[in-house]
Colleague: 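Sending over a structure as structure tokens; questions will come in a sec.
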Amino acid sequence: GDAPLPEVSDIKAAKVLDLLEDVLDDQGLSQFSKNMAKQWLKRVFAPPGSESAGGAGEFDRARAWLLAQVNQKVTGARTPPPSPWQAGCPEIVPRLTARAFWDADAFEWAPRVRAAFEDVKAEVLALRGTGLFQPYRAPAWNGNGGNAAAD
């Protein structure tokens, strides 16, 4: 016979997933990056206490930003900036502190990255000339005339 009607919660979840897909499309991600983002979102939004849930408070700013993006899709209105100084900013991440420089000691993972510097450097240098790594190239609109890096 007929397939059972989906539960209301299933319909709402499908609508939210469609909106999240639209938000990811707006970010200009490749299909691979979109798939990675979806896996991350599953972790971030997993029920608290579940095996795949992120740490408590660990993703609060990302959740708030994503909620603002989804709400904008639904209402068509942007979330007002928290400060008049931020009016016109294309992306505002709630409660994200803007600093020109961050103290590495503020991040628990920074010492591990710093300790691995020589390994990371060796890996990157080993990729030179292989076509597997491309150094950052500033776009032509940045005012440098699109000059290529020396390497």
Side-chain angles (χ1 to χ4, degrees), residues 2-117 119-121 123-124 127 130-144 146 148-149:
D2 294 334
L5 291 173
E7 295 288 327
V8 171
S9 61
D10 292 340
I11 294 170
K12 287 181 179 179
K15 287 178 103 173
V16 169
L17 291 174
D18 285 345
L19 290 168
L20 288 173
E21 185 82 23
D22 288 348
V23 169
L24 294 176
D25 286 341
D26 290 347
Q27 302 308 308
L29 302 175
S30 68
Q31 190 59 48
F32 175 79
S33 295
K34 275 177 48 175
N35 289 337
M36 294 298 292
K38 288 177 192 176
Q39 291 300 314
W40 181 81
L41 289 169
K42 286 179 186 176
R43 177 175 173 231
V44 171
F45 293 101
S50 70
E51 186 175 310
S52 60
E58 184 178 357
F59 300 109
D60 287 349
R61 287 188 293 250
R63 281 188 191 102
W65 175 84
L66 195 56
L67 181 60
Q69 299 300 307
V70 168
N71 285 338
Q72 183 177 341
K73 292 280 181 197
V74 173
T75 66
R78 291 187 63 201
T79 303
S83 162
W85 290 97
Q86 294 174 310
C89 292
E91 294 291 339
I92 295 177
V93 178
R95 299 183 316 278
L96 180 65
T97 304
R99 295 186 184 152
F101 297 95
W102 289 79
D103 181 2
D105 295 331
F107 305 97
E108 57 86 19
W109 48 264
R112 293 191 309 273
V113 172
R114 190 177 289 131
F117 171 76
D119 293 336
V120 172
K121 179 180 170 185
E123 289 176 18
V124 170
L127 292 173
T130 66
L132 298 173
F133 175 79
Q134 178 179 335
Y136 173 75
R137 307 251 192 250
W141 53 260
N142 80 344
N144 74 356

Colleague: Quick check for you: to the nearest 0.5 Å, what is the distance between Asp25 atom CG and Glu21 atom CD?
Modeller: 5.5 Å
Colleague: First locate atom CG of Leu24, then atom CD of Gln69, and finally report the distance between them rounded to the nearest 0.5 Å.
Modeller: 10.5 Å
Colleague: Could you go through Lys15 and Asp18, starting from their C-alpha distance and side-chain angles, then the distance that decides it, and tell me whether this counts as side-chain contact (heavy atoms from CB on, under 4.5 Å)?
Modeller: CA-CA 5 Å; Lys15 287 178 103 173; Asp18 285 345; 5.6 Å; no
Colleague: Which heavy atom in Ala110 sits nearest to a heavy atom in Ala104, and how many Å separate them?
Modeller: CB-O, 3.2 Å
Colleague: Of the non-hydrogen atoms in Thr130 and Leu127, which two are nearest, and what is the gap between them?
Modeller: OG1-O, 2.6 Å
Colleague: Atom NZ in Lys73, atom CG in Leu19: separation rounded to 0.5 Å?
Modeller: 8.0 Å
Colleague: First locate atom NZ of Lys34, then atom CG of Leu20, and finally report the distance between them rounded to the nearest 0.5 Å.
Modeller: 11.5 Å
